[in-house]
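Chain identifiers are assigned alphabetically (A, B, ...) following the order of the sequence lines, protein sequences preceding nucleic acid strands; residue numbering begins at 1 within each chain. Source: prediction; values computed, not measured.
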Protein chains: 2
Amino acid sequence: MIGLGAISDTDGVDPHLLRSFVAVARRRSFSAAARELGFTQSAVSQQVAALEADLGAVLLNRRPVTPTRAGARLLDHAVPLLLRLDAARADVARLAAPPSARVVVGASPLAVTALGPALADVRREHPDLVVTVRVLGRSALIREVATAAVDVGLADGAVAPSDSLPLPDAGPLRAVGVLERPLAVLLPPRHPLAGRAGLRLADLAAAGWIDAPDTAVPLGRLRTAAGAEGYRASVRYEGTDVGGLVALVGAGHGLAVLPDPTGAALSGVTAVPVTEPRLVHRVEAVHSPTLAGVPAALAAALTG
Amino acid sequence: MIGLGAISDTDGVDPHLLRSFVAVARRRSFSAAARELGFTQSAVSQQVAALEADLGAVLLNRRPVTPTRAGARLLDHAVPLLLRLDAARADVARLAAPPSARVVVGASPLAVTALGPALADVRREHPDLVVTVRVLGRSALIREVATAAVDVGLADGAVAPSDSLPLPDAGPLRAVGVLERPLAVLLPPRHPLAGRAGLRLADLAAAGWIDAPDTAVPLGRLRTAAGAEGYRASVRYEGTDVGGLVALVGAGHGLAVLPDPTGAALSGVTAVPVTEPRLVHRVEAVHSPTLAGVPAALAAALTG
DNA sequence: ACCTGTTACGACGCGCGTAACCATT
DNA sequence: AATGGTTACGCGCGTCGTAACAGGT
């Protein structure tokens, strides 16, 4: 009889509204977000208005569409929140689903090389197994693992030796170190520093960089690691292909930090090890603790 | 016209249902949960049924009410999820609210001592300021900080020297180290080991312990730190009062690990430093990055 | 019988879409 | 005029409460 179905009083924020708000903020457009979400533009307008009324704060400036301070703050929460919401569903579904023979491995571009021997082991064990390897950007990787779109993820990053990677908290995931390699700065061959045996990161703050957050070590990471400003990007690289990035470095468009022996693909550039600060390129295998069957065997082989 | 208001397809899980599910699982009763939530028992039954239908899995065994495997898994997600949902609301609200003169400091029992000098500084600066100090268990502390029920939280834990505390991810909180002290085992005065100058944790696995997860170092933490089984509890202590715990140790009910100079309150027990593994008792100040006014000054004074 | 969870059913209100409106270029 | 966000309004579905029902002790 009472039935005041106001969701707001007891629950935090309505994720349905949150999802629309995020879409609008990302596309910087109500209409574009509406198309993406499969709603009318009017509905999205009402959703954002409802969220603003619920929170008692304006979240977006209109025309042009831009987050306010409160809106930006909400976005910080919204993305991991929606990720976990999906992760929760996927995690329960995984328990109900039968263990399948299909295996999907996700890997960030610099982590793929860590896959070699373990994959060989598993394929010897299961000869007619079809393995899918999917190369993904850093941010996408954890989302795919959490939502069970991939069974095992290989994440990478630059950290102090034997530190674990800082992964966004998308639920109870298991992460174990697989590989650590030294870091190197990629330089064009005729760069003044190309002959050096080692370089300190701090000496490169003023250089021109390529920001390749999904492929190389992100510039923000360099700044916090060096404890200094600088490391400005002249080019932003959004692909996930290492070769393309190497080519850009070779053509003199900027520097990038990668694991030292990137393999044979280093034609046209010079890699100089980073000696200071003490950082390594670390690869971790990330997967759900409830993994079973062949995927679990692969995860075990990776960590072994 | 289409209006198939099915929330499930695109959004993860409905937090409204989640909240009810958690309440039922905690109270092990639909009726008790209904009273707690302000619903009829029928409504809660329908909510859990809806959640189970949505996820395609039975979450609770009835009579007695007990989580299934899938339900337990969902609970792992649900608690931090609901926390973040509340945190998001609180965080936006904090931006809109005017900076108030009232300050609430939350602290776990072993962290209160770290408050001393910084609090004195701030009270000298603001003579007619009313400061509330609230002693909370570990799990409650982060929740209170995230939901802005307290302005600054002092969390504590046992970690390797200069490591930061592992805090549940309740959003973008700032945490800075305030204090590190050696750890000690509290022993009753006539305990065979009471005369030793130092003890190795590994040698105490078989002792009888008091599990005081909200007050002393939790036994689970000791196990992972020592990398060994054992450390079984003979008594579980649920208060947040250090004196009471000390008294229990003194009466021979079991051992506990605390920071070494716990202060003058150590009558009736003996504290022996833990020499192996290398662990310290660390206190961190945790607060929102958007803190302003007097609370921000206190946070700064704490970290200074 | 009593306690506790489920099912049936009806009412209220939220959350959409349609359509008219308004503002900015 | 065109583009894009807001407001008005009505309809449908979901959600809750009441009430009848069912399984255990």
Side-chain angles (χ1 to χ4, degrees), chain A residues 1-68 71 82 85, chain B residues 1-68 71:
Chain A
M1 176 86 68
I2 302 170
L4 55 82
I7 210 174
S8 71
D9 244 19
T10 162
D11 291 318
V13 294
D14 184 344
H16 191 55
L17 304 184
L18 219 49
R19 181 104 46 189
S20 295
F21 165 66
V22 170
V24 172
R26 260 216 269 270
R27 317 290 296 252
R28 300 172 181 281
S29 157
F30 283 67
S31 348
R35 280 192 296 278
E36 172 187 327
L37 297 165
F39 289 127
T40 58
Q41 182 270 352
S42 163
V44 174
S45 180
Q46 295 177 54
Q47 287 163 354
V48 173
L51 190 56
E52 290 179 325
D54 181 28
L55 295 176
V58 178
L59 300 172
L60 293 171
N61 302 312
R62 325 290 153 105
R63 217 182 310 261
V65 174
T66 262
T68 63
L82 295 173
L85 238 19
Chain B
M1 177 83 73
I2 302 169
L4 55 82
I7 211 176
S8 72
D9 246 17
T10 163
D11 290 319
V13 293
D14 183 345
H16 191 55
L17 304 184
L18 218 49
R19 181 105 44 188
S20 295
F21 165 66
V22 170
V24 173
R26 260 216 270 270
R27 315 291 294 255
R28 301 172 181 282
S29 156
F30 283 67
S31 350
R35 278 192 296 277
E36 172 187 326
L37 297 164
F39 289 126
T40 58
Q41 182 268 355
S42 162
V44 173
S45 180
Q46 293 176 56
Q47 286 164 355
V48 173
L51 189 57
E52 291 181 324
D54 180 30
L55 295 176
V58 178
L59 299 172
L60 293 171
N61 302 312
R62 325 290 152 106
R63 223 183 302 267
V65 175
T66 264
T68 63

> Whole-Å distance between C:dG5 C1' and B:E52 CD?
Replying inline: 12 Å

>> How many whole angstroms separate atom CG of A:L37 from atom C1' of C:dG17?
In response: 15 Å

>> Less than 4.0 angstrom between a side-chain N/O of B:H16 and OP1 or OP2 of D:dC16, yes or no?
In response: yes

>> Under the rule for side chain to side chain contact (heavy atoms under 4.5 Å, CB included), what residues qualify as partners of B:A57, not counting sequence neighbours?
In response: A:V92, B:A70

> Do the side chains of B:D54 and B:L17 get nearer than 4.5 Å, heavy atoms only?
Replying inline: no

> Who are the side chain to side chain contact (heavy atoms under 4.5 Å, CB included) partners of A:S31, not counting sequence neighbours?
Replying inline: A:S29, A:R35, A:Q41

> Using a cut-off of 4.0 Å between protein heavy atoms and nucleotide atoms, how would you tag nucleotides 3-8 of chain D 5' to 3' with B, S and -?
Replying inline: -BBBBB

> Who passes salt bridge (Lys or Arg N to Asp or Glu O under 4.0 Å) against B:R62, sequence neighbours left out?
Replying inline: B:E52

> Who are the side chain to side chain contact (heavy atoms under 4.5 Å, CB included) partners of A:S45, not counting sequence neighbours?
Replying inline: A:F30

> Whole-Å distance between C:dG15 C1' and A:F21 CZ?
Replying inline: 20 Å

> Which whole-number value in Å describes the distance from A:D54 CG to C:dG15 P?
Replying inline: 10 Å

> By side-chain hydrogen bond (donor to acceptor under 3.5 Å, both in side chains), which residues pair with A:R26, not counting sequence neighbours?
Replying inline: none

>> From CZ of A:R19 over to P of C:dG15, roughly how many Å is that when rounded to an integer?
In response: 16 Å

>> Expressed as a whole number of angstroms, how long is the span from B:Q47:CD to D:dT15:P?
In response: 9 Å

